[in-house]
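In what follows, a single structure is set out as structure tokens and then discussed.
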Amino acid sequence: MRIADVKEDIDHELVSREQIDSKIQEMAARVSDDYRDKNPLVIAVLKGAVNTLVAFTEALSIPVQIDFMSLSSYGSGTKSSGTVTVRQDLSADVRGRHILIVEDIIDSGRTLAWLVAELKRRGAASVEVFALLNKPSRREVDVDVKYPGYEIPDEFVVGFGLDYDEHYRNLESIAVLKPSVYQGEQA
Ligand SMILES: Nc1nc2c(ncn2[C@@H]2O[C@H](COP(=O)(O)O)[C@@H](O)[C@H]2O)c(=O)[nH]1
Ligand SMILES: [Mg+2]
């Protein structure tokens, strides 16, 4: 789906598909070098990171395993509740594994900080992060992102896996949603 298909809901495009693909290729090349001979386990946070995971793992030149975790701190709104809930856990045992987390976006940092700590608690040998988008002005908790994507302003974005209330995930690029779409939502 393209911006033109939902143009009444979109304020403007923020990251084009070409920019997304180019950043993912750049990070995949770095990761392929860094993880050669490490047999990493790539963990994607559902559902928003799915598009990034697929493009990223296809661009790698090393074999990896893939697993998923479904975490929620947002419910159906645009503001984090601050509490991370596990909706679906990993199927893999992370003990002794080199883990690379793939995330769509870092906002407060609470989701990632929780996940990194949890994977270390479970005995991972190492835990690093690739996040396609980052809103540094919103940070509440420090997170170390070894493979950063694009820094974006404090705006609510959708597309390339990111949703508002389960809509817009199949938009091909990343765009700012018009506030009129979500104004009036429950706090
Ligand atoms: N569709 C959007 N989802 C967003 C946006 N900013 C954050 N998020 C979701 O929250 C988590 C991370 O939040 P955090 O506060 O714990 O860092 C992220 O994975 C998304 O699911 C946004 O602008 N649009
Ligand atoms: Mg996410």
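Residue numbers run from 1 in the order of the sequence given. Both counts, for ligands and for their atoms, begin at 1 and track the order of listing.
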Between Asp67 (side chain) and Ala92 (backbone), is there a donor-acceptor pair under 3.5 Å?
yes
Using modelled atom types only, decide if a donor and an acceptor are shared between the side chain of Arg169 and the backbone of Gly159 within a distance under 3.5 Å.
no
Close approach, [X] and ligand 1, non-hydrogen under 4.0 angstrom:
X	result
Phe156	yes
Gly109	yes
Glu140	no

Taking atom CG of Asp142 as the centre, report whether more than 12 heavy atoms of other residues, nucleotides or ligands fall under 6.0 Å from it.
no
To the nearest 0.5 Å, tell me how far Lys120 NZ sits from Arg122 CZ.
14.5 Å
Here's a test for you: under side chain to side chain contact (heavy atoms under 4.5 Å, CB included), which of Val54, Ile43, Thr57 qualifies with Ile66?
Thr57
For ligand 1, indicate whether the residue [X] contacts it via side chain, backbone, both or neither (heavy-atom separation under 4.0 Å).
X	answer
Glu103	side chain
Leu112	neither
Glu155	backbone

Between [options], flag the one that comes closest to [atom] by a heavy atom.
atom	options	answer
atom 21 (O) of ligand 1	Leu46, Leu14, Asp104, Val141	Asp104
atom 20 (C) of ligand 1	Val84, Ile105, Leu133	Ile105
atom 24 (N) of ligand 1	Val157, Ile174, Val176	Val157

About how large, to 10 degrees, is the angle OE1 of Glu103, then the Mg ion (ligand 2), then OD1 of Asp104?
70°
When Gln19, Arg17, Arg2, Glu13 are each screened for side chain to side chain donor-acceptor pair (under 3.5 Å) with Ser173, the one that passes is Glu13
State whether the shortest distance between N or O atoms of Ser108 and N or O atoms of ligand 1 falls below 3.5 angstrom.
yes
Intermediate values then yes/no, side-chain contact (heavy atoms from CB on, under 4.5 Å), Tyr35 and Leu60
CA-CA 10 Å; Tyr35 283 83; Leu60 292 171; over 6 Å; no
Under 4.0 Å from any heavy atom of Asp163, which atoms of ligand 1 are there?
1 (N), 2 (C)
In ligand 1, which numbered atoms sit nearer than 4.0 Å to a non-hydrogen atom of Thr111?
12 (C), 13 (O), 14 (P), 16 (O)
Check: Tyr164/Asp9 side-chain N/O donor and acceptor closer than 3.5 Å
no
Would you call Val31 and Tyr147 a side-chain contact if the rule is heavy atoms closer than 4.5 Å?
yes
